[in-house]
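Remarks on the structure that follows.
Because the structure is predicted, anything quoted here is derived from the model rather than measured.
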Amino acid sequence: MRIFQVNGAGGPVVAAERPVPTPAAGEVLVRVKASSLNARDLLIATGRYTAAVPPGRVPLSDGAGIVEAVGDGVSRFRVGDRVMSTFHPTWLYGSFPQWGELYGVQRDGWLTEYIAVGEQSVVGVPEHLSFEEAATLPCAALTAWSAVSGVGPGDALLVQGTGGVSVFALQFARLAGARVLATTSRPEKAHRLRELGASDVLDYLSTPEWGARVRALTGGRGVDLVVEIGGAGTISQSIAAVAYGGRISLVGNLASGGGMDLTRFFERGATLRTITVGSRSDFERMNRVISQARLRPVVDRVFPFDETPDAFSWFAEGTRFGKVVIAH
């Protein structure tokens, strides 16, 4: 089978071949039909991830495919079932236990034609979604779902940019009846954000103090929730934007900057919560909502498997709107 692996020198992923694995007891063999990229995958591929990644590691946590074979004792799935990966292979339910082993770091990931994984580590694909759409869900969608948990009608929410998590957060929040404000720096992206239901879109380049503008747009109150993508580079504006007693869901730390003014944060009486994607139980609950609402992920571009290095390059450019997918 063909795979792409980390080259260990900080360069692009490289193609290689390995034998097709045989599923052990309790495992399913998945023929991978699609996978998708997240920000962490770019860090892993370029040697900038927070944990050591050995050369030859197969990256990507997010994939979808067909069960080709099952090992002894498997009962959750049968040959022919459509399945998706779970970001945390061993976090099945309950509160977050610990990071454990992750695809692309301690375990080989889904940038391969076949993968053998435990039957407990995959979930079924919503019937109305293609493999390419399903491959976008395991990390970005579930992160957004966890980030906006508790949002409902009458609430206001702020999302940053147009990456996968932000776009999913916008979709889920609108589905829940909340008002969504967004930031971007491109007029064409602002138009698409409004098409998805954003009530107001702020240009963070022309309005660097966008936190104050968010408060003005919400009648001086601020938003009930900020989905924080930038981290150190945007947290000061998020604190300015959040309502008294509001929440900030910390998803990423992608923008350089001065960090948090603790005094100002304390004055807000706000809550800062880190988001660690979610459990398999959370994933299955989210998928039921996606199925009922017939929600469709926003896919920016689909690259053929042979053009995987180009997919990484496109992702690195930062011009995407939604998810970048690889069709196997």
* **Backbone of Leu129 reached by a side-chain donor or acceptor of Arg82 within 3.5 Å** => yes
* Option passing side-chain hydrogen bond (donor to acceptor under 3.5 Å, both in side chains) with Asn38 (candidates Asp62, Thr143, Thr136) -> Asp62
* **Straight-line distance of Ile326 CD1 to Phe315 CZ, nearest 0.5 Å** => 10.5 Å
* **Spacing of Arg194 atom CZ and Thr184 atom OG1 [to the nearest 0.5 Å]** => 10.0 Å
* **N-O pairing of Glu284 and Arg280 below 4.0 Å** => yes
* Verify, without hydrogens or angle tests, whether Ser121 (side chain) and Pro89 (backbone) share a donor-acceptor contact under 3.5 angstrom. => yes
* Asked: Which is it for Glu133 and Arg296 under the side chain to side chain contact (heavy atoms under 4.5 Å, CB included) test, yes or no, and what are the steps along the way?
  -> CA-CA 7 Å; Glu133 291 171 321; Arg296 305 206 82 101; 2.9 Å; yes
* To do: Any chance you could measure Thr308, atom OG1, to Ile3, atom CD1, to the nearest 0.5 Å?
  => 11.0 Å
* Asked: What do the steps show when you test Thr274 against Phe96 for side chain to side chain contact (heavy atoms under 4.5 Å, CB included), and what is the final call?
  -> CA-CA 11 Å; Thr274 56; Phe96 182 59; over 6 Å; no
* Asked: Between Glu27 and Ala116, what is the shortest heavy-atom contact and its length?
  -> OE1-CB, 3.8 Å
* Transitively linked via ILVMFWY side-chain contacts under 4.5 Å: Ile248 with Leu202? -> yes
* Asked: Quick one: ring-ring contact (aromatic ring centres under 6.0 Å, His included) pairs with a partner in residues 116-163, sequence neighbours left out?
  -> Trp145-Phe172
* To do: Find the distance between CD (Glu267) and CZ (Phe265) and round it off to the nearest 0.5 Å.
  => 12.0 Å
* Heavy-atom check, side chain of Leu29 versus side chain of Val20, under 4.5 Å -> yes
* Side-chain contact, heavy-atom cut-off 4.5 Å: Val74 with Val28? -> yes
* Any side-chain heavy atom of Leu225 within less than 4.5 Å of one from Ser249? -> yes
* Tell me, with the steps shown, if Asp81 and Ile66 meet side chain to side chain contact (heavy atoms under 4.5 Å, CB included). => CA-CA 6 Å; Asp81 285 345; Ile66 300 174; over 6 Å; no
* **Nearest heavy-atom neighbours spanning Phe77 and Val70** => O-CG1, 3.9 Å
* Separation between CD of Gln106 and CH2 of Trp99, rounded to the nearest 0.5 Å -> 11.0 Å
* Asked: Just by distance, with hydrogens left out, do Ser166 and Gln160 show a side-chain donor and acceptor under 3.5 Å apart?
  -> no
* Asked: Is Leu92 close to Gln120 at the side-chain level, that is, under 4.5 Å between some pair of heavy atoms?
  -> yes
* Backbone of Phe321 reached by a side-chain donor or acceptor of Asp300 within 3.5 Å -> yes
* Asked: Phe283 and Asn287: side chain to side chain contact (heavy atoms under 4.5 Å, CB included), yes or no, with the steps?
  -> CA-CA 6 Å; Phe283 196 2; Asn287 288 337; 3.4 Å; yes
* To do: Please tell me if the side chains of Leu181 and Ser199 come closer than 4.5 Å, counting only heavy atoms from C-beta onward.
  => yes
* Are the side chain of Lys323 and the backbone N or O of Leu37 linked by a donor-acceptor pair below 3.5 Å? -> yes
* Check whether any side-chain heavy atom of Thr112 sits under 4.5 Å from a side-chain heavy atom of Met1, and report yes or no. => yes
* To do: Taking atom types as modelled, find out whether Gln5 and Arg57 have a side-chain donor-acceptor pair closer than 3.5 angstrom.
  => no
* To do: Give a yes or no on whether a salt bridge exists between Arg31 and Glu113, defined as a side-chain N under 4.0 angstrom from a carboxylate O.
  => no
* **Residues, nucleotides or ligands: over 12 heavy atoms within 6.0 Å of Glu317 CD** => yes
* **Side chains of Thr183 and Gln237 in contact at under 4.5 Å (non-hydrogen atoms)** => no
* Contact list for residues 214-224, test side-chain hydrogen bond (donor to acceptor under 3.5 Å, both in side chains), sequence neighbours left out -> Arg221-Asp224
* Is there any salt bridge (Lys or Arg N to Asp or Glu O under 4.0 Å) pair reaching into residues 146-169, and which pairs are they, with sequence neighbours excluded? -> none
* Answer yes or no: is there an ion pair linking Asp200 with Arg179, defined by an N-O contact shorter than 4.0 Å? => yes
* **Heavy-atom pair of closest approach, residues Gly197 and Leu170** => N-CD2, 4.2 Å
* **Geometric cation-pi criterion Arg2 and Phe305, 6.0 Å radius, 45° cone** => no
* To do: List the atom of Ser185, the atom of Leu205, and the distance in Å for their closest heavy-atom pair.
  => CB-CD1, 3.6 Å
* Asked: Side chains of Thr234 and Glu228: is there a donor and an acceptor less than 3.5 Å apart?
  -> yes
* Taking the side chain from Glu195 and the backbone from Arg192, do they hold a donor-acceptor pair closer than 3.5 Å? -> no
* So, Arg273 and Thr271: side-chain donor and acceptor under 3.5 Å apart, yes or no? -> no
* Side-chain heavy atoms under 4.5 angstrom apart, residues restricted to Ile, Leu, Val, Met, Phe, Trp, Tyr: same cluster for Met286 and Leu157? -> yes
* To do: Find out if a path of hydrophobic residues (ILVMFWY) with successive side-chain heavy-atom gaps under 4.5 Å connects Val180 to Val148.
  => yes
* Please report the closest heavy-atom contact between Ser146 and Gly278, naming both atoms and the distance. => OG-CA, 4.2 Å
* Structure fact -> The reported gap from CD1 in Ile239 to CZ in Arg264 (rounded to nearest 0.5 angstrom) is 7.0 Å
* To do: Would you tell me whether Ser279 and His88 have side-chain atoms, one donor and one acceptor, within less than 3.5 Å of each other?
  => no
* Structure fact -> Nearest heavy-atom contact between Gly322 and Val167 is N-CG2, 4.1 Å
* Main-chain N/O of Pro12 paired to Asn7 side chain as donor or acceptor, under 3.5 Å -> yes
* To do: Report the relative orientation of the aromatic rings in Trp110 and Tyr103; use parallel for angles under 30°, tilted for 30 to 60°, perpendicular for over 60°.
  => perpendicular
* Donor-acceptor pair, Gln292 side chain versus Val289 backbone, under 3.5 Å? -> no
* To do: Taking the six-membered ring of Trp314 (Phe, Tyr or Trp), confirm whether the NZ or CZ of Arg301 is under 6.0 Å from its centre and within 45° of its axis.
  => yes
* Asked: Applying the 4.5 Å side-chain criterion to the ILVMFWY set and letting contacts propagate, would Leu60 and Leu43 be lumped into a single cluster?
  -> no
* To do: Would you check if Phe168 and Leu137 make a side-chain contact, meaning some heavy-atom pair closer than 4.5 Å?
  => yes
* To do: Say whether Tyr114 and Val117 are linked into one hydrophobic cluster, either directly or through other cluster members, by side-chain heavy-atom distances under 4.5 angstrom.
  => no
* Asked: Is the shortest distance from a Lys or Arg side-chain nitrogen in Arg18 or Asp108 to a carboxylate oxygen in the other one below 4.0 Å?
  -> yes
